[in-house]
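Convention: sequence-line order gives letters A, B, ...; per-chain numbering from 1. Just the heavy atoms: all of them, side chains too, but no hydrogens, waters or symmetry mates, feed the values below. These numbers come from a predicted model, not from an experiment.
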There are 2 protein chains.
Amino acid sequence: MKVPAHARAHKRQELSVLTRHLRGQSRKITGPRQAILEILRRHPHPMTNREIFAAMPKGRCDLATIYRAMHLLEEMGMVKRFDFGDGAARFELVGEGDDGHHHHLICTRCAGVVEIDECFLREIESRIAARNRFKAVTHKLEFFGICPACQR
Amino acid sequence: MKVPAHARAHKRQELSVLTRHLRGQSRKITGPRQAILEILRRHPHPMTNREIFAAMPKGRCDLATIYRAMHLLEEMGMVKRFDFGDGAARFELVGEGDDGHHHHLICTRCAGVVEIDECFLREIESRIAARNRFKAVTHKLEFFGICPACQR
DNA sequence: AAACAACTGCAATCGGCTTGCAATTGAGCG
DNA sequence: CGCTCAATTGCAAGCCGATTGCAGTTGTTT
Ligand SMILES: [Mn+2]
Ligand SMILES: [Mn+2]
Ligand SMILES: [Zn+2]
Ligand SMILES: [Zn+2]
């Protein structure tokens, strides 16, 4: 099966990003880390560590390795952690030059996910920070409901 | 130590609410359930099951009982579940005739909590629901930052 | 007071996540 | 290219919040 040129380009670029981020921290570019980014790039929605593990070709690495890798990638700002409230962390690839902040609309029946790209709270957030004299205020927000397919 | 009259009144009222809610579902008014509501009433912020357990007079009941009670009380709409993202569910008493929906501002250093009573998203929520044809849309939102005391 | 369903305590168990340790491997260097 | 060593990994044990099966207890109804 042939890989299209643009996909190869994607991959090359992403690898270079990984390399750049790892340099200067004496971190290594390893198979598991590349595989994880590869998998995340193909997925439009946040994935659990287990899902990443399952998507990995033939037990390519241990689940513990994925947990450790996600911490590293999160620290480097290459992935963003989301919490859908079901007890399992989810991760999504962050675009270059983006901070990854956004929200989701999640179907409570089928677990389907809709990406909500705008954030409506930037303004409100600073008002709340000022009013309570908090610094470095952020927020976590997710929407839940019943999707069209699950309504009937 | 004497209990003031208004406190006794509070307690009586709350008990009657509990009774009313339990009736017709063949549920029992038990010691643990009364004790839990009593504790929650004294606390202005969401509590974990462990905290409720610790606040209980001398191992008055088992931790598992508290977990079960919180499910029941949540189902009955008497408490609201919150998620501060640290892996432990938190519960807050819901006022009568209130749905309990609100938000918090949480200090990531000292875990202090500020209650945010307004909800800014009612409007946006219905826009999102309509745009994606979802029904029964709700949201979970919490703010995080560094409180005045922790800034120095 | 009896009868029975609801409830509780206890201990086992689960699932997500972390961690200690010995073996492996990537990156820089000669 | 092969050497060296810290970084990384696999594995297994363990942590923690939460759930559950079961036998014994208790609240409610009659
Ligand atoms: Mn997303
Ligand atoms: Mn609150
Ligand atoms: Zn936002
Ligand atoms: Zn709200």
Side-chain angles (χ1 to χ4, degrees), chain A residues 15-16 18-39 46-76 78-91 111, chain B residues 15-16 18-39 46-76 78-91 111:
Chain A
L15 237 173
S16 81
L18 175 62
T19 307
R20 175 156 21 91
H21 277 101
L22 290 173
R23 284 281 155 69
Q25 306 192 44
S26 42
R27 283 356 243 281
K28 292 180 182 175
I29 299 166
T30 66
R33 290 175 185 171
Q34 294 178 45
I36 289 170
L37 291 178
E38 180 82 13
I39 289 166
M47 296 179 79
T48 65
N49 284 340
R50 232 178 186 70
E51 288 168 345
I52 295 171
F53 182 62
M56 194 135 315
K58 215 40 181 153
R60 183 84 179 59
C61 78
D62 194 82
L63 192 50
T65 300
I66 297 184
Y67 277 97
R68 288 190 270 232
M70 299 322 291
H71 278 295
L72 179 69
L73 294 172
E74 184 184 16
E75 230 165 76
M76 301 194 319
M78 293 187 68
V79 304
K80 186 96 180 168
R81 177 188 299 258
F82 292 97
D83 181 358
F84 287 3
D86 64 349
R90 279 156 215 269
F91 299 91
Chain B
L15 237 172
S16 81
L18 176 62
T19 307
R20 174 158 20 93
H21 276 101
L22 290 174
R23 285 281 152 69
Q25 305 193 45
S26 41
R27 275 17 237 273
K28 294 180 182 175
I29 299 164
T30 66
R33 291 175 184 170
Q34 294 177 45
I36 289 169
L37 291 177
E38 180 82 15
I39 290 166
M47 296 179 78
T48 64
N49 284 340
R50 238 187 175 69
E51 288 169 346
I52 294 171
F53 182 62
M56 195 137 309
K58 215 40 183 156
R60 183 88 176 56
C61 79
D62 194 82
L63 192 50
T65 299
I66 298 185
Y67 277 97
R68 288 190 269 232
M70 299 322 292
H71 278 294
L72 179 69
L73 294 173
E74 184 185 15
E75 231 164 76
M76 300 193 321
M78 293 188 66
V79 305
K80 185 96 179 169
R81 178 188 298 259
F82 292 95
D83 180 0
F84 288 2
D86 65 349
R90 279 156 215 270
F91 299 91

Identify each atom pair where a protein N or O and an N or O of nucleotides 5-7 of chain D are less than 3.5 Å apart, giving names and distance.
unit_1	atom_1	unit_2	atom_2	d
dA7(D)	N3	K28(A)	NZ	3.1

Nucleic acid contacts - residues 48-57 of chain B versus DNA chain C, non-hydrogen atoms under 4.0 Å: none
Rounded distance [0.5 Å steps], CE in M78(A) versus CG in L37(A): 4.5 Å
Residue whose closest nucleotide on DNA chain D lies nearer the 5' end, Y67(B) versus A64(A): A64(A)
Distance, nearest 0.5 Å, that separates CZ of F91(A) from CD of E51(A): 11.5 Å
Derivation and outcome, side-chain contact (heavy atoms from CB on, under 4.5 Å), residues R68(A) and L72(A): CA-CA 6 Å; R68(A) 288 190 270 232; L72(A) 179 69; over 6 Å; no
Rounded distance (Å) that lies between atom P of dA6(C) and atom CD1 of I29(B): 15 Å
Interatomic distance where CE belongs to M70(B) and C1' belongs to dT19(D) [whole Å]: 16 Å
Minimum-distance pair of heavy atoms, taken over all atoms of I39(B) and I52(B): CD1-O, 3.7 Å
K28(A) backbone acceptor or donor facing R33(A) side chain under 3.5 Å: yes
Between P of dA11(C) and CG of L63(B), the distance in whole Å: 14 Å
Separation of atom CE in M76(B) from atom P in dA6(C), rounded to whole Å: 15 Å
Validation row: R81(B), H71(B) side chains within 4.5 angstrom (heavy atoms): yes
Interatomic distance, D62(A) CG vs dG20(C) P [rounded to whole Å]: 16 Å
For F53(A) against D62(A), the heavy-atom pair lying closest together: CE1-C, 4.1 Å
Heavy-atom closest pair, residues R90(B) and P46(B): CB-CB, 3.4 Å
D86(B) or R68(A), whichever maps to the more 5' nucleotide of DNA chain D: R68(A)
Nearest-angstrom distance from the residue atom CZ of R60(B) to C1' of dT26(D): 12 Å
Degree of bending, the helix from dA1(C)-dT30(D) to dG30(C)-dC1(D) (end axes from five pairs; round to 10°): 30°
Separation between CE of M47(A) and CZ of F82(A), rounded to the nearest 0.5 Å: 14.5 Å
Phosphate OP1/OP2 of dC17(C): any H71(A) side-chain N/O under 4.0 Å: no
Separation of atom CD in Q34(B) from atom C1' in dC7(C), rounded to whole Å: 14 Å
Shortest non-hydrogen contact from M56(A) toward R60(A): CG-CB, 3.2 Å
Heavy-atom closest contact (P32(A) atom, T65(A) atom, distance): CB-CG2, 3.9 Å
Nearest atoms (heavy-atom pairs only) where D83(A) meets D86(A): OD1-N, 4.4 Å
Atom-pair distance (CD1 on I66(B); C1' on dC10(C)), nearest Å: 15 Å
Distance below 4.0 Å between T30(A) side-chain N/O and dT9(D) OP1 or OP2: yes
